[in-house]
Participant: 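What follows is a structure written as structure tokens; I'll ask about it next.
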Amino acid sequence: MNDPDSVHDAPVRRVAAQSTTAQRRGAIVVGASSGIGAALVRRLVREGYTVGAVARRGDLLDALQEEMKLEPGRVVPLVHDVGQVDEVGPAFATLAQEVGQLEFFVYAAGVMPAVEAQEYNTEKDQLQVQVNLMGAMAWCNQAAMLFHSQRSGTLIGIGSIAGDRGRKGNPAYHATKAGLATYLESLRNRLSEVGVHVLTVKPGFVDTPMTAGLDGLFWVISADKAAETILASARRRFWNTRYVPLRWWAVGTVIRSIPSFLFKRMNI
Ligand SMILES: NC(=O)c1ccc[n+]([C@@H]2O[C@H](COP(=O)([O-])OP(=O)(O)OC[C@H]3O[C@@H](n4cnc5c(N)ncnc54)[C@H](OP(=O)(O)O)[C@@H]3O)[C@@H](O)[C@H]2O)c1
């Protein structure tokens, strides 16, 4: 007779449960409560991924989880402030365990406070270093260690075309995005040896809460379009740095080639 609670069946069921966890396709997105990060979560969950979604606004993460509940994958919300770097190790371990085999790690958290033309504000600068750069290092370090040990995975960092030059607008924002690109390049050079791909994403203008109300935007794309391009580029494994959309690559190339004696007279 088949007794479902038979002790003889128990080890079989445990093994079955473990293999289900291992076979689950997993992703983690930091900065998942709005904009590009939330759009990436939606796309991955629709494809069947279990996605660890990290941000401070738990209400938005819960709403995302509810919105996605009929999709093939699921959202695992985690409320966290990336400024709390000592919490990152345990938080990453919890999510990595929960989501199954980690295929994608995305660092999308970012802040860009308004800065006046002659404003030199250390508090705003510190916040940007904390969120755009230090938080990225703390989270990407964890992902790098896991991907290195499993010898697979794709690590994606959302930088910006704004990191290509030190413009007048927001010195700290430009500096943190430049720093992030260099940090990711180092990770790429370390991890490519074991088959791990590191993609630096440099979006142009994307319609998200970060750009809401800003003047002078052009070639604006939706967060979902940005997410679609980011995932397609990550899977292709051709790009190390991907401007999104691609036409910003031409803009970046021109901007990077302008000599300083001209660039300092320009208001771009
Ligand atoms: N929109 C654009 O045109 C554009 C262009 C180039 C690059 N980018 C970059 O794209 C990335 C995503 O930005 P977005 O446009 O999608 O803006 P967004 O909607 O404002 O998203 C920013 C995300 O970062 C999270 N975040 C901010 N501070 C955090 C903190 N201390 N701890 C944890 N999470 C934090 C926010 O979550 P909580 O507030 O809930 O914590 C939110 O989920 C950013 O790195 C941004 O610099 C955007």
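Counting starts at 1 for both ligands and their atoms, in listed order. We number each residue from 1, following the sequence as shown. Just so it is clear, the values below take in all heavy atoms, side chains as well, and ignore hydrogens, waters and symmetry mates.
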Participant: Applying the side-chain hydrogen bond (donor to acceptor under 3.5 Å, both in side chains) test to Tyr49, which of Arg43, Glu103, Arg24, Arg74 qualifies?
Facilitator: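 Going through the options one by one, the only one that passes is Glu103.
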Participant: Taking the side chain as everything from C-beta on, heavy atoms only, tell me whether Leu127 gets closer than 4.5 Å to Val111.
Facilitator: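 The answer is yes, as the side chains (C-beta and beyond) meet within the 4.5 Å cut-off.
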Participant: Are Leu102 and Phe92 close enough that some pair of their side-chain heavy atoms sits under 4.5 Å apart?
Facilitator: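 Yes, their side chains come closer than 4.5 Å.
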Participant: For ligand 1, would you mind listing the residues that have at least one heavy atom less than 4.0 Å away, ordered by chain and number?
Facilitator: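 Residues near ligand 1: Gly31, Ala32, Ser33, Ser34, Gly35, Ile36, Ala55, Arg56, Arg57, His80, Asp81, Val82, Ala108, Ala109, Gly110, Val111, Val131, Ile158, Gly159, Ser160, Tyr173, Lys177, Pro203, Gly204, Phe205, Val206, Thr208, Pro209, Met210, Thr211.
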Participant: Indicate the ring-plane relationship of His80 and Trp139, choosing parallel, tilted or perpendicular according to the 30° and 60° boundaries.
Facilitator: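 It falls in the perpendicular class, over 60°.
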Participant: side-chain hydrogen bond (donor to acceptor under 3.5 Å, both in side chains) with Thr200: which of Arg188, Arg242, Lys177?
Facilitator: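 Exactly one option meets the side-chain hydrogen bond (donor to acceptor under 3.5 Å, both in side chains) with Thr200, and it is Arg188.
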Participant: For the residue pair Asn267 / Lys168, report whether a side-chain donor-acceptor contact shorter than 3.5 Å exists.
Facilitator: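 Yes.
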